[in-house]
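Positions are given from 1, in the same order as the sequence printed here.
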Amino acid sequence: GFTCKAKVKTINSGPNDIQKKKFIKTNQCEKCNLSGINLKGWKITGAKLPGTNLKGADLSGAILQHADLRFAYFKGANLDSTSLEFANLSNSNLKNTSIRGANLQNSLLEYANLKGADLYDANLSFANLKGAKLNGTRLEFANLSNSNLSRANLKGANLWGATLLDADLSSANLTGANLRFADFKGANLKGANFKDAILCKTKMPDGKVVNIGPSIISRLIYIVRGC
């Protein structure tokens with residue numbers, strides 16, 4: 001169903017008015033230009049927006065469950081605290097997007113571009129992130145339990161305190177990633193690359209807690225100062 005908390009007149013005015021009004025009326029707008037649209041706090045279930053330009057859109061606090069957002073473009077958009085459960089964001093561009101505290105449980109993010117995105121405290125449990133680009137992404141305290149991160153690129157990502165219970169990280173690239181206090185218990189790390197990664201009080205698949213720095217000096221610091 002489709003419900004909203006605001007009236008059509010609150011939509012940003014400009015050259016994209018026709019497409020914006022079409023979306024509000026039909027709950028769909030394939031490959032439309034909805035840049036700058038303000039849907040903050042709206043409830044929109046099952047929206048169909050594949051290939052849509054959502055540059056600079058404010059979707060914070062919105063409910064977009066079961067949305068079709070394949071190949072969508074989110075540069076500069078605000079997705080903080082947005083509910084995207086069961087949403088399809090495969091191949092979407094979320095580079096440098098703020099997605100703090102968002103609910104992405106059971107979402108599809110296969111091959112999505114999340115480089116430099118801010119997913120602090122986001123819920124990504126049971127999400128499919130196969131082959132996703134997560135280079136330099138902020139994932140502190142994120143819930144990635146039972147997620148599929150196979151072949152994902154997490155180079156330089158910040159996973160401080162992240163939960164990865166029973167996650168699949170087979171063949172994932174974790175080069176230079178910050179894995180302090182992360183919990184990988186039960187995770188599949190077969191073929192994963194941990195080169196230069198920082199593991200400090202990190203819980204491994206077998207439950208063992210390890211401290212491994214990228215250099216001998218950092219390991220000595222761990223011994224003297226702790227994490």
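Minimum interatomic distance between Leu94 and Ala117 (heavy atoms only, all atoms of both residues): O-CB, 3.6 Å. Closest non-hydrogen pair, Ser92 versus Leu69, comes out as CB-O, 3.8 Å. Nearest heavy atoms, Leu79 versus Ala102: O-CB, 3.7 Å. Across all their heavy atoms, Val209 and Lys201 have their closest contact at CG1-CA, 3.5 Å.
Annotation: side chain to side chain donor-acceptor pair (under 3.5 Å) contacts of Ser81 (sequence neighbours excluded): none. Applying the salt bridge (charged side-chain N to carboxylate O under 4.0 Å, His left out) rule to Glu140 yields the partners Arg138; only residues at least two apart in sequence or on another chain are considered. Under the rule for a side chain to side chain donor-acceptor pair (under 3.5 Å), the partners of Arg70 that lie at least two apart in sequence or sit in another chain are Asp68. Applying the side chain to side chain donor-acceptor pair (under 3.5 Å) test to Asn93 and every residue at least two apart in sequence or in another chain returns nothing. In this structure, Asp166 has no side chain to side chain donor-acceptor pair (under 3.5 Å) partners at least two apart in sequence or on a different chain. For Arg100, the salt bridge (charged side-chain N to carboxylate O under 4.0 Å, His left out) test picks out Asp118, with sequence neighbours left out.
Taking CD of Glu85 as the start and CG of Asn103 as the end, the distance is 4.0 Å to the nearest 0.5 Å. Asn113 contributes atom CG, which lies 11.5 Å from atom NZ of Lys75 (distance to the nearest 0.5 angstrom). With rounding to the nearest 0.5 Å, the separation of CG in Leu124 from CG in Asn143 is 8.0 Å. If you take CG on Leu174 and CG on Asn153, they are separated by 9.0 Å, rounding to the nearest 0.5 Å. Once rounded to the nearest 0.5 Å, the distance linking CH2 of Trp42 with CD1 of Ile63 reads 13.5 Å. With rounding to the nearest 0.5 Å, the separation of CZ in Phe194 from OG1 in Thr175 is 10.0 Å.
In the hydrophobic clustering of this structure, Leu144 groups with Met204; members are Ile, Leu, Val, Met, Phe, Trp, Tyr whose side-chain heavy atoms approach within less than 4.5 Å, directly or through other members. Note on Phe23 and Phe74: same hydrophobic cluster, where clusters join Ile, Leu, Val, Met, Phe, Trp and Tyr whose side-chain heavy atoms are under 4.5 Å apart, directly or indirectly. No path of Ile, Leu, Val, Met, Phe, Trp and Tyr side chains, each step under 4.5 Å between heavy atoms, connects Tyr73 with Leu84, placing them in separate hydrophobic clusters.
Sequence neighbours left out, the pairs with a member in residues 103-136 that pass ring pair (Phe, Tyr, Trp, His ring centres under 6.0 Å) are Tyr120-Phe141. For residues 124-166, the set of pairs meeting the disulfide (SG to SG under 2.5 Å) definition, not counting sequence neighbours, is empty. Sorted by first then second residue, the disulfide (SG to SG under 2.5 Å) pairs that include residues 82-117, not counting sequence neighbours, number zero. Judged as a ring pair (Phe, Tyr, Trp, His ring centres under 6.0 Å), the pairs with a partner in residues 76-105 (not counting sequence neighbours) are, in order, His66-Phe86.
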Table please: side-chain donor-acceptor pairs of residues 182-189 below 3.5 Å, with sequence neighbours left out.
| from | atom 1 | to | atom 2 | distance (Å) |
| --- | --- | --- | --- | --- |
| Asp183 | OD1 | Lys185 | N | 3.0 |
| Asn188 | OD1 | Lys190 | N | 3.1 |
| Asn188 | ND2 | Asp168 | OD1 | 3.4 |

Under 3.5 Å, which donor-acceptor pairs do the side chains of residues 49-62 form with other protein atoms, sequence neighbours left out?
| from | atom 1 | to | atom 2 | distance (Å) |
| --- | --- | --- | --- | --- |
| Thr52 | OG1 | Cys29 | O | 2.8 |
| Thr52 | OG1 | Leu49 | O | 3.0 |
| Asn53 | OD1 | Lys55 | N | 2.9 |
| Asn53 | ND2 | Asn33 | OD1 | 3.4 |
| Asp58 | OD1 | Ser60 | N | 3.1 |
| Asp58 | OD1 | Ser60 | OG | 2.7 |

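Ile99 has its side chain out of reach of Thr82: every pair of non-hydrogen atoms, C-beta onward, lies at least 4.5 Å apart.
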Next item on the list: For Ser98 and Asp80, run side-chain hydrogen bond (donor to acceptor under 3.5 Å, both in side chains): C-alpha distance rounded to whole Å, both residues' side-chain angles, the deciding distance at 0.1 Å, then the answer.
Entry: CA-CA 6 Å; Ser98 184; Asp80 291 347; 2.5 Å; yes
Item checked: Working for side chain to side chain contact (heavy atoms under 4.5 Å, CB included), residues Leu39 and Leu64 -> CA-CA 10 Å; Leu39 297 173; Leu64 292 164; 5.5 Å; no
Next item on the list: Please assess Ser90 against Leu108 for the test side chain to side chain contact (heavy atoms under 4.5 Å, CB included), listing each intermediate value before the final yes or no.
Entry: CA-CA 6 Å; Ser90 300; Leu108 294 176; 3.8 Å; yes
Next item on the list: Take Leu154 and Thr137 through the test side chain to side chain contact (heavy atoms under 4.5 Å, CB included) and record every step on the way to the result.
Entry: CA-CA 7 Å; Leu154 290 145; Thr137 300; 5.9 Å; no
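Counting only distance, with no hydrogens or angles, the side chain of Ser147 and the backbone of Leu149 share no donor-acceptor pair below 3.5 Å.
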